[in-house]
Protein chains: 2
Amino acid sequence: MKTQKKRSDCPVSFSLEAFGDKWSLLIVRDLMLKKKCTYGELAKSDEKIATNILAARLLSLEENGIIQKLEHPDSKAKVLYQLTQKGIDLIPIIIEINLWAEKYTEIPEERKEFLAQINADKEGFIRNAFKELESNL
Amino acid sequence: MKTQKKRSDCPVSFSLEAFGDKWSLLIVRDLMLKKKCTYGELAKSDEKIATNILAARLLSLEENGIIQKLEHPDSKAKVLYQLTQKGIDLIPIIIEINLWAEKYTEIPEERKEFLAQINADKEGFIRNAFKELESNL
DNA sequence: ACATTTACTTGCGAAAAGCAAGTGATTTTA
DNA sequence: TAAAATCACTTGCTTTTCGCAAGTAAATGT
């Protein structure tokens, strides 16, 4: 485990130390959309993360209390990763990132429904997302 | 200028390619709180960013259309950096990052009022922040 | 004219990213 | 039941980025 020095007391800086890189929030995104994932499923995401980087990010997210490991019900060879409460609480950030992107880039077809739901009733959508993810804890 | 390959069509991935690192959103934070900043002011922020990294980040934020350079009214030796509309639109993300951090770390005294205002009326606070920043464009 | 300020560059060692291949523990298959 | 696949990682190595210290050139202050 690596102890990282705190750069400042700023809450934004604190947050970026936990998930401020190009990969961490993509892992959070996958766990948010799929609820629970195995290492292999995470490795197969569209962005093609290298397996050593994935392992490193999973470890740091776990050390930061954002995700946790669970044993897979079907097999001891598999591991389930899931968001902790701290990780679930990143929902609003992920939502806002999606909305920002919606304004400045083309959204792929399969995500349009997701964004339509958010735009129809953001508060309700977020409340529901929390409920669903928290029911798995 | 560096052309970065798009990792995927995911809106989260798109966003992280623009500001997914440990420094970019700190610069955005400073520009958001102070409206306009010079290079020197940005360099003096609490996190002590190295000047070459600052220059690199400012360039990439500019290339991504998140900030723009303006000439300083007082001196040709100075440059003003300010958020574009695309940068101002990051407000909700910054707000949510602040709220997440509030739940999971100690907030310094001088930021508590800021967070109290957000908690009192998030929508109103955001609306007002947009208005103030957009009035400088 | 000379020192200072301002916005950057440059050089270089250290750290992290990224690719390919490998490992050891399960689990499936023949 | 032994060999082949699957699974979750590691390891080794090269490339890229970070981060510190120092330097530079234009503009400004004294």
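In what follows, every chain begins at residue 1, and chains take the letters A, B, ... in the order their sequences are listed.
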> So with a 6.0 Å cut-off around CD of A:Glu109, is the heavy-atom count from everything else above 12?
Replying inline: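 Not more than 12 within 6.0 Å, no.
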> Considering residues, nucleotides and ligands other than A:Lys76, do more than 12 of their heavy atoms fall under 6.0 Å from its NZ?
Replying inline: no
Length of the line joining [X]:[atom1] and [N]:[atom2], which is rounded to integer Å:
| X | N | atom1 | atom2 | value |
| --- | --- | --- | --- | --- |
| A:Glu41 | D:dA8 | CD | P | 8 Å |
| A:Leu58 | C:dA17 | CG | P | 13 Å |
| B:Leu70 | C:dT6 | CG | P | 18 Å |
| A:Leu54 | D:dT11 | CG | P | 16 Å |
| A:Glu17 | C:dA16 | CD | P | 13 Å |
| A:Ile53 | C:dA15 | CD1 | C1' | 12 Å |
| A:Lys44 | D:dC9 | NZ | P | 14 Å |
| B:Lys78 | C:dT5 | NZ | P | 11 Å |

What's the closest nucleotide to the side chain of [X] if the choices are [options]?
| X | options | answer |
| --- | --- | --- |
| A:Asn52 | C:dT26, D:dG19, D:dT10 | D:dT10 |
| B:Tyr39 | C:dT9, C:dC19, D:dC9 | C:dT9 |
| B:Lys76 | D:dT28, D:dA8, C:dC19 | D:dT28 |
| A:Ala55 | C:dT10, D:dT17, D:dT10 | D:dT10 |

Is there a side-chain polar atom (N or O) of [X] under 4.0 Å from OP1 or OP2 of [N]?
| X | N | answer |
| --- | --- | --- |
| A:Trp23 | C:dA17 | no |
| A:Tyr81 | D:dC9 | yes |
| A:Lys69 | D:dC9 | yes |
| A:Ser75 | C:dT27 | yes |

>> Students often mix this up, so state it plainly: with edges at 30° and 60°, are the rings of B:Phe114 and B:Phe125 parallel, tilted or perpendicular?
In response: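 Rings of B:Phe114 and B:Phe125: perpendicular, over 60°.
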>> Pick the closest DNA chain D nucleotide for A:Thr51 and for B:Asp74 by heavy atoms, then say which residue is nearer the 5' end.
In response: A:Thr51
>> Regarding A:Glu102 and A:Asn98, do their side chains bring together a donor and an acceptor under 3.5 Å, going by distance alone?
In response: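 Side chains of A:Glu102 and A:Asn98: no pair found under 3.5 Å.
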> Under a 4.0 Å N-O cut-off, is there an ion pair linking B:Glu123 with A:Lys122?
Replying inline: no
